Number of protein chains: 2
Amino acid sequence: MSLNDLDERIVHALAEDARRSYADIGAEVGLSAPAVKRRVDRLLATGAITGFTVRVDPAALGWETEAFVEIYCRHKTSPEAIKRGLERYPEVAAASTVTGEADAVVQIYAEDVRHFERVLERIAGEPFVERTKSVLVLSPLLRRYGAGAPA
Amino acid sequence: MSLNDLDERIVHALAEDARRSYADIGAEVGLSAPAVKRRVDRLLATGAITGFTVRVDPAALGWETEAFVEIYCRHKTSPEAIKRGLERYPEVAAASTVTGEADAVVQIYAEDVRHFERVLERIAGEPFVERTKSVLVLSPLLRRYGAGAPA
DNA sequence: AGTGAAATGCCCGCCGT
DNA sequence: ACGGCGGGCATTTCACT
C-alpha cells in the first residue's frame, strides 16, 4: 500500500505533534480541517496510523538503563514462542527476529544496571534461550517516531 | 526525579491512548479532569512527557525493511559528531552510543532492501565511520511505546 | 454552518506545614 | 497563616455531523 504525498505530510505533522488541530495541519498542507480528519480516519482504518501516544523520557520515569540484547535460541523455536516468552516482561520495549547469528534482538528498559541484570538473568533462563549477548546504551543520540520510548 | 504513583498511572493511560479525555482518565485514577490536566502539564514542564505523537506502522507507510546497524568509528569521534552525521538521514529512526566493540547502534527503516543498501553505503562512507555491521529485521515481534509498568 | 463535547483558566475550599 | 493540590464552574476552542 502506497500513501499519498498529502498523507505523508499529515502523518509527519502528527508524528511531531499529535495534538495539533486538524485546521492547523490543514493550513500547512493545503486542506480544510474536515478533509484532514477524513484522511486521518482513513489512515487509522487502514492501519497506517495505529494509535496515539505520548513521547516519554524513560530517565524521567526512573528507567535509566537501556540495553540491546541479542538472543540465541535453541533450534526449532518459533517466532511466536519467542514473542510469548518475552511479552511477559514489562521491561521489554521491543523485540524482533533478525538475520545473522542471533535469532532475535530485544530492546530493554530497566531502572538501573542491577535491575537490568536481574531481567537478563530471567530471560537467559527461559527454556527457549540458548545464550544472550547484550550491549548497554551509553547515550541516546537520536530518537524518532517508531523506535520505542523516545527521549 | 521520582514520579508519583498517580502520575505514573496517568502516563500509562496516555501511553496506551493519548486521545483519551482528561475526564476519562480522571475517572480511572480518581481525579477530576482539571486535576489530570494540571498533572499532565506538570509532566510536560518537567520533561517526563516530551510530546504527543502517533504510532505509525512503518510497513503501511511503505517502509518494509528494518535493520540494526552497528557502527565502528575512528578514534576520537564524539557522540555529537555521530549524531550530527546521522540525523541528516531520514531513514535513521534511532541511534545510541553503546558499550562493547561497536561505538553506536543505529536503527534504520528503508523502503526495501535495495534502498537500505544505498543508505548503508552512504553511512559507511561517512568520514567518521570505520566500518559497519548490520542485521536485518525479519519480523517485529513486539513493539511497545511509552514505558511499561515498573517491576 | 451548527451542535455538542472537551480543554482551559479561574476561584474556592481542604489539608499540610 | 500560607502554600500546594484538587474540585467545580464558565468560557472558548475544537471535533463531528
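Everything numeric here is computed off the predicted structure, so don't read it as measured data. Sequence lines set the chain letters: A, B, ... in the order given, protein chains first and strands last, and positions in each chain run from 1.
- Going from atom CG of Asp24(A) over to atom C1' of dT13(D) covers 13 Å, rounded to whole Å.
- Residues Gly26(A) and Val36(A) share a closest heavy-atom pair of CA-CG2, 3.5 Å.
- Between Glu70(B) and Lys133(A) no salt bridge is recorded (no basic side-chain N to carboxylate O distance below 4.0 Å).
- Separating the OG1 atom in Thr77(A) from the CD atom in Glu80(A) is a distance of 11.5 Å, to the nearest 0.5 Å.
- Using modelled atom types, one finds no donor on one side chain facing an acceptor on the other under 3.5 Å when comparing Arg114(B) with Thr65(B).
- Heavy-atom nearest nucleotides on DNA chain C were determined for Arg19(A) and for Pro34(A), and the one closer to the 5' end corresponds to Pro34(A).
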Trace of the side chain to side chain contact (heavy atoms under 4.5 Å, CB included) decision for Asp112(A) with His115(A) = CA-CA 5 Å; Asp112(A) 50 41; His115(A) 179 197; 3.3 Å; yes
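- Ile25(A) has its CD1 atom 12 Å from the P atom of dC14(D), to the nearest Å.
- Counting non-hydrogen atoms of neighbouring residues, nucleotides and ligands closer than 6.0 angstrom, the CZ atom of Arg74(A) exceeds 12 such neighbours.
- The CD1 atom of Ile10(B) sits 13 Å away from the P atom of dA7(C) (whole-angstrom rounding).
- Closest non-hydrogen pair, Ala95(B) versus Arg143(A), comes out as O-NH2, 3.7 Å.
- Overall, the helix from dA1(C)-dT17(D) to dT17(C)-dA1(D) carries an axis bend of 20° between its ends, with five pairs at each end and the value rounded to 10°.
- Rounded to a whole Å, the CG atom of Leu6(B) is 7 Å from the P atom of dG6(D).
- Put simply, the side chain of Arg38(B) and the base of dG7(D) share a donor and an acceptor less than 3.5 Å apart.
- Distance from the side chain of Ser21(B) is smallest for dA7(C) among the nucleotides dG6(D), dA7(C), dC14(D).
- Within the structure, every side-chain polar atom (N or O) of Lys37(A) is placed at least 4.0 Å from both OP1 and OP2 of dA15(D).
- Atom CG of Leu44(A) and atom C1' of dA15(D) are 14 Å apart (whole Å).
- Atom CZ of Phe52(B) is separated from atom P of dA6(C) by 16 Å (rounded to the nearest Å).
- Rounded to a whole Å, the CG atom of Leu43(B) is 12 Å from the P atom of dC5(D).
- Nucleotide dA7(C) holds its P atom 17 Å from the CZ atom of Arg39(B), rounded to whole Å.
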